[in-house]
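Excluded from the calculations below are hydrogen atoms, water molecules and symmetry mates; all remaining heavy atoms, backbone and side chain alike, are included.
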Amino acid sequence: MKIAKVVVDVAASPIDSALDYEIPEHFQDIVQAGIRVIVPLGPRKVMGFVVGLTNHSEFDQLKPIQEVMDYTPILTKELINLSSWLRQETLCFRISALQAMLPAVFKASYDKEVWLLDEMDSLPASLQKAAGGREVFPFNDLSEAGLTDSQVKQYIKGQLIDIKYVVKGKNRVKTYTAVKKAVDDVNILEELEHLSLNAKKQREVLTYMLHQDEPILLKELTEELNTTKGPIDSLVKKGLLTMVKQEVYRDPFETKEHQSTKPLSLTELQQKAIEPILDSINETYYQTFLLHGVTGSGKTEIYLQSIQRVLDLGKEAIVLVPEIALTPQMVSRFKARFGSDVAVLHSGLSQGEKYDEWRKIHRKEVRVVVGARSAIFAPFEHLGIIIIDEEHEQTYKQEDYPKYHAREVAKKRASDHHCPVVLGSATPTLESYARALKGVYHLLELTERVNEQAMPEVEIVDMRQELLQGNRSMFSETLTDKINERIERKEQVVLMLNRRGYSTFVMCRECGETISCDHCDISMTYHSKQHKLKCHYCNDERPMPQICPNCESDAIRFFGTGTQKVEEALNLHFPNAGIIRMDVDTTSRKGAHEKLLEKFGNGEADILLGTQMIAKGLDFENVTLVGVIAADSMLHLPDFRASEKSFQLLTQVSGRAGRHQLPGEVVIQTYTPEHYSVELASQYDYEAFFNKEMQVRRQFQYPPYYYLALINISHDNHVEAVKVANEAANIIATHTTGNCQLMGPTPSPMLRIKDRYRYQCMLKYKRREDVDQALESVLNHFQKQINKSQLQLTIDLEPYHFM
DNA sequence: TTGCTCAATGGA
DNA sequence: CCATTGAGCAAC
């Protein structure tokens, strides 16, 4: 008997392995690994992935596969194996791993339907009411009509109704309706003679179609002839024309023209850097390269030429870019070189658009994919290279299950495909750079900029001094002067503000009461546009109070420095300057991000003010000044990577100035000018920063010296949360082996979010084997409680977020 | 995760 | 006495 191994769409530990199903005769030729099927599971029907075929099963009573959802596999063998690996690596369910690899449209949705088995009139009144004349209707309509569960149960028993489980896929192909001739021209001419004189539009349509041998889109036709669907429908009825469905891609970039580019000649340094990569491509061996190059050192050209080599060999390439950098400019650099060979995947696309881009890869219509994190799962079968640009970006780590890091997946895939991984960054993560120095990765250094321009001069301003000298504004004298200079010279300024930790909070000046969220331990943030207070964690909002809720004084004000407030201050200090503000509020609408940048690029404003999002990838030739309003804002976060993040951010934002002819300048305002992150960033000294920070990491036993596992515990009930956290810590402590250290349990930096109390344990370890047992034990021990009480317990290996 | 069974609870 | 609730468990 032919048997299929199926991973069903139920995220639960007892069935977290492939189940065996019989393949019925009529599906024998169709069922293969990588397709989706619908299978019975207990009393229900669920979607599942076929992950393999076999002849034997430990079970003798196998249920048959009920339905086949795909006729060609949507997962390759490699990806199926990768899902097992991902499950082990991130401690997620196999089904979650599989789903992470596919666009969301492949997620099944489930409907429960009620089927009437008896004549309508003979049914109880309540059932008739629920049915509303329908033979089949949604299950939910039963309870809406006021039927209780036990009533429903009786009806099922009494064979009045039946419940059917329906599994639906959402992967719809977008089609347009097109019109084409159904008969020969002779017949059309004949019809034209007989056509009633009143049918003016029909005549027009027919005459037009006479010269139209290809199908024409319905929309185009009606627009062209200024008519409606009516006359065309009549002609279809007469059998003269037919409507056909044409499959189209929802290509968001299709309309844009890309000026094609040729490979540039490489500098000596670039040449030296690219050669080992090309070797690895040619000789098909796996190797991870760390391409360490300052901004403007020509990393992209190395990527492009490596990809070209891969394509020449008939293979495929994946390029990962941080979400935020996936702008049309970025994409067009790849499209300009490789034309229609490129698919783009990022979160800004609609579900349908993502599906279409994925299909281009699946059908082998493209050989290069440029995308954000999840593009690492592109279903290529002949990978020749994987490139991760801005390797240090946090966005490569997925925050929900499966909590994978794209870099690790890349290494795994590349080793399966015997091809290189290239990690590029001006400020690599300590982990990567340490590995490169140890020889685990192959280090490639690009120490010079292609145009041989110096990096912009950085000036650090001590804001404490400013305050002492009586300057209480948020702009130092230096920054103010320099901004004025640029406005006069018609040059442009980029100002960055880290909102985090510096948002506008509301406080009463009389009694000191601050307004914090009812559900989270955080003060609410004031949004002037809507004149409302919002919580950034749970999205709760409320109107800005007129009087203090505590003492009823009207002296209630907002404090702190949000982008909105800086904008107001800018308007005050530089009344003649045009300002564009970019933050979550102004860029939430689709395409708003690009529009604002375009405006700035066209010189429609003097100052671009924004959060971190402006630190990346901006390239405007007229920008000659970059200002950082408060460099320390992220230095004091409860995160051992705070210094590293600051250094990266400051280095990156500095690179926005003077990228072309005009020389650039950078002003960093800070309250801690002596901090090594600030100081070394201003000197562009990565090596020194690396050495200094490595000492700190070694002292406190953080990565890259130790690996981390973060066990997050949260519960509605504070006491219960503490109890579980302690219990978890005990279990972990008794099950670890070798060199491990358990920290905690401690309250999370944000003790309460959305009315849940949060605790964490951190486990430091050297070898995964030493903690595997402990982690498994904790998960097993709390499994039941996780299912039915308010408890949540998650494990994050190599965590990036500690809040 | 969902749905089923069985036992306990409780109102009338 | 029966309906409702919840704990426990199985799912190829």
Give me the distances for all protein-to-nucleotides 10-12 of chain C N/O pairs that come in under 3.5 Å?
{"unit_1": "dC12(C)", "atom_1": "OP1", "unit_2": "P40(A)", "atom_2": "O", "d": "3.3"}
{"unit_1": "dC12(C)", "atom_1": "OP1", "unit_2": "G42(A)", "atom_2": "N", "d": "3.3"}
{"unit_1": "dC12(C)", "atom_1": "OP1", "unit_2": "K63(A)", "atom_2": "NZ", "d": "3.0"}
{"unit_1": "dC12(C)", "atom_1": "OP2", "unit_2": "K63(A)", "atom_2": "NZ", "d": "3.2"}
{"unit_1": "dC12(C)", "atom_1": "O3'", "unit_2": "D20(A)", "atom_2": "O", "d": "2.3"}
{"unit_1": "dC12(C)", "atom_1": "O3'", "unit_2": "K63(A)", "atom_2": "N", "d": "3.0"}
{"unit_1": "dC12(C)", "atom_1": "O2", "unit_2": "D20(A)", "atom_2": "N", "d": "3.0"}

Detail all sub-3.5 Å separations between protein N/O atoms and N/O atoms belonging to nucleotides 4-12 of chain B.
none

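Of the possible donor and acceptor atoms, one in the side chain of Y396(A) sits under 3.5 Å from a partner among the backbone N and O of L320(A). Of the possible polar contacts, one joining the R752(A) side chain to the D518(A) backbone as a donor-acceptor pair under 3.5 Å is found.
The pair K354(A)-E357(A) does not meet the salt-bridge criterion, since no charged nitrogen lies less than 4.0 angstrom from a carboxylate oxygen. In this structure, K397(A) pairs ionically with D796(A), as a charged nitrogen and a carboxylate oxygen lie closer than 4.0 Å. A salt bridge is defined here as a Lys NZ or Arg NE, NH1 or NH2 lying under 4.0 Å from an Asp or Glu carboxylate O, and R768(A) with D772(A) meets this definition. Between D111(A) and K164(A) no salt bridge is recorded (no basic side-chain N to carboxylate O distance below 4.0 Å).
Checked against side-chain hydrogen bond (donor to acceptor under 3.5 Å, both in side chains), D20(A) has the following partners two or more places apart in sequence or in another chain: K5(A), S57(A).
Paired runs in DNA chain C that reach 3 or more consecutive Watson-Crick or G-U pairs, where each pair keeps both distances under 3.5 Å, cover B:1-11 with C:1-11.
Taking the ring centroids of W115(A) and F137(A), they lie at or beyond the 6.0 Å cut-off.
Phosphate proximity of dG3(B) to K112(A): present, with a side-chain N or O under 4.0 Å from OP1 or OP2.
Within the structure, every pair that satisfies the ring pair (Phe, Tyr, Trp, His ring centres under 6.0 Å) test and touches residues 741-776 of chain A, not counting sequence neighbours, is listed here: Y707(A)-Y765(A), H718(A)-Y757(A), H718(A)-Y759(A).
Put simply, CD1 on I163(A) is 16 Å from P on dT2(B), counting in whole angstrom units. Taking atom NZ of residue K107(A) and atom C1' of nucleotide dT1(B), one finds them 12 Å apart after rounding to whole Å. Atom CD of Q783(A) is separated from atom C1' of dG8(C) by 15 Å (rounded to the nearest Å).
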Going by atom type alone, with no hydrogens or angles, which donor-acceptor pairs under 3.5 Å involve a side-chain atom of residues 41-55 of chain A and a protein atom two or more places apart or on another chain?
{"unit_1": "T54(A)", "atom_1": "OG1", "unit_2": "H56(A)", "atom_2": "N", "d": "3.2"}
{"unit_1": "T54(A)", "atom_1": "OG1", "unit_2": "H56(A)", "atom_2": "O", "d": "3.4"}

